[in-house]
Amino acid sequence: MREIFLDNNATTRPAPEVVDAMCRALEDTWHNPSSIYRSGQAAKHALEEARAQVCKLIGCGERELVLTSCATESVALVTRGSFEAQPRKKVLVTSRMEHSAVRQSAEFLGKRGVEVIWLPNDNRGIVDVNALRDVLKTRSDEVALVSIMWANNEVGVIQPVQEIGEICRSAGVRFHCDGTQWVGKEPTNVSEMPIDFLSFSAHKFYGPKGIGGLFVRRGLRVEPQVIGGGQERDHRGGTENVPGAVGMAAAAKLAIEWFSSGARDEMRERRDRFEQDILRRVGDCMIVGQGAPRVWNTTNIAFKGLEAEVILLGLSERGVCASAGSACSSGSIEASPVILAMHVPAEYAHGAVRFSLSRDTTSEDLSQAAEIVEQVVARVRSTAPVA
Ligand code: PLP
């Protein structure tokens, strides 16, 4: 059975060029970059070349990029590290649309004396910028960090990052943007944006797992969360992952080349046709976040009266990989917090399924997947209706 992989927001297949570059790095530059001898310095050189290439992907200077193990670590570094760097500030502003890396970091900080302000969002998932403006009008001195993502991992909705950044900048408040589902999918240039920190992860753009990054704007300081060794200019201790960095750099180079091919519009049309195909074939379903700007590769389709897990199992039996943000908690399946935050009607919220395309997803993949979705939903509806 052929696998149709439509779960690229969970992870992507490393590109062949990435695998090649990493294999070479594992064989040739396995030495410790902190070592003084020639082979150690060769590893250091490979690391710094890789860093420079990754900086090109996001438009920052080489001294502004901290290499981490993943976006979750980048988020921990900037959230906790910002409070430790500004001990007198006790307020974090974020939203319920965030990935659990940010949401749970906020809850963690909330239990340690930080006041967390959750900005409201509209039904499309767009954060209310006026609410942010109001908070910062009166409390900017207390706010250590505003953390709002770029593209949402479950529904693909794009937040008004430019406007949010401008509001933060004019209030003198630090702005972290979780760019994990944006970087590598869309061109990014932080040097032209009012963003102070940007987190991202290589395995979301055809790079390896185990390596990510945090852009830290020049002049700003976050306290390290992993200490010892002084690597990454004292931002993150631990021997550097040179093969990982080399793999991320290869992925960054491919992403930049792909942007110039102009294929994003074509992929967006492909995604839109897939949605229309599903709406035509399957009754009682809705596109979550429709009407909001969305990243080209993501669609979230909610099927009325069904549990997403049952659909996912049916799809998996037929070779289609997709996912849902819902999770099993205390024996019952809870709808995804993001879907709930978007006020999706209850009878749809449990049946929300995310399909996320890769650069290589073809129209044939999508038309086959749509046919399989139609069959699976029809079967599930005839046997296991929930509502
Ligand atoms: N932030 C967002 C928006 C994500 O989608 C993810 C992963 O899905 C993460 C953070 C965490 O990424 P990582 O797996 O690199 O820790």
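Both ligands and their constituent atoms are indexed starting at 1 by order of listing.
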Checklist entry - Is any side-chain heavy atom of Glu17 less than 4.5 Å from a side-chain heavy atom of Leu254? => result yes
Item to check | Residue and atom name of the nearest protein heavy atom (relative to atom 1 (N) of ligand 1), distance in Å to one decimal | outcome: Asp178 OD2, 2.7 Å
Next on the checklist: Angle between ring planes, His31 versus Tyr37, binned at 30° and 60°: parallel, tilted or perpendicular?
Outcome noted: perpendicular
Item to check | Lys NZ or Arg CZ of Arg264 over Trp296 ring: under 6.0 Å, within 45° | outcome: no
Next on the checklist: Under a plain distance cut-off of 3.5 Å, with no hydrogens placed, do Glu98 and Ser147 share a side-chain donor-acceptor pair?
Outcome noted: no
Item to check | Cys70 neighbourhood, listing ligand 1 atoms whose heavy-atom distance to it stays under 4.0 Å | outcome: 13 (P), 15 (O), 16 (O)
Next on the checklist: Looking at every heavy atom in both Thr298 and Gly156, which two are closest together, and how far apart are they?
Outcome noted: CG2-N, 3.6 Å
Checklist entry - Which is it for Lys204 and ligand 1 at heavy atoms under 4.0 Å: side chain, backbone, both or neither? => result side chain
Checklist outcome for this item: Any heavy atom of His203 under 4.0 Å from ligand 1? The part involved is side chain
Checklist entry - Are Arg13 and Phe5 in a cation-pi contact, defined as NZ or CZ under 6.0 Å from the six-membered ring centre and within 45° of the axis? => result no
Item to check | Minimum-distance protein heavy atom relative to atom 12 (O) of ligand 1 | outcome: Ala71 CB, 3.4 Å
Item to check | Within-4.5 Å side-chain heavy-atom neighbours: Arg112 and Leu109 | outcome: no
Checklist entry - How far is atom 4 (C) of ligand 1 from its nearest protein heavy atom, and which residue and atom is that? => result His99 CD2, 3.3 Å
Checklist entry - Counting heavy atoms only, which part of Thr180 comes closer than 4.0 Å to ligand 1: side chain, backbone, both or neither? => result side chain
Next on the checklist: Please list the nearest protein heavy atom to atom 15 (O) of ligand 1 with its residue and the distance rounded to 0.1 Å.
Outcome noted: Ser201 OG, 2.5 Å
Checklist entry - Of the protein's non-hydrogen atoms, which lies at the shortest distance from atom 11 (C) of ligand 1, and what is that distance? => result Thr72 OG1, 3.4 Å
Next on the checklist: Under a 4.0 angstrom heavy-atom cut-off, which atoms of ligand 1 come close to Met149?
Outcome noted: 3 (C)
Next on the checklist: Any donor-acceptor pair under 3.5 Å linking the side-chain atoms of Ser74 with those of Thr68?
Outcome noted: yes
Checklist entry - Just heavy atoms, cut-off under 4.0 Å: does Glu98 contact ligand 1 by side chain, backbone, both, or neither? => result neither
Next on the checklist: I need the nearest protein heavy-atom contact for atom 5 (O) of ligand 1: residue, atom name and distance, please.
Outcome noted: Gln181 NE2, 2.8 Å
Checklist entry - Any idea which atoms of ligand 1 are less than 4.0 Å away from a heavy-atom of Asn153? => result 3 (C), 5 (O)
Checklist entry - Applying the 4.5 Å side-chain criterion to the ILVMFWY set and letting contacts propagate, would Val135 and Val102 be lumped into a single cluster? => result no
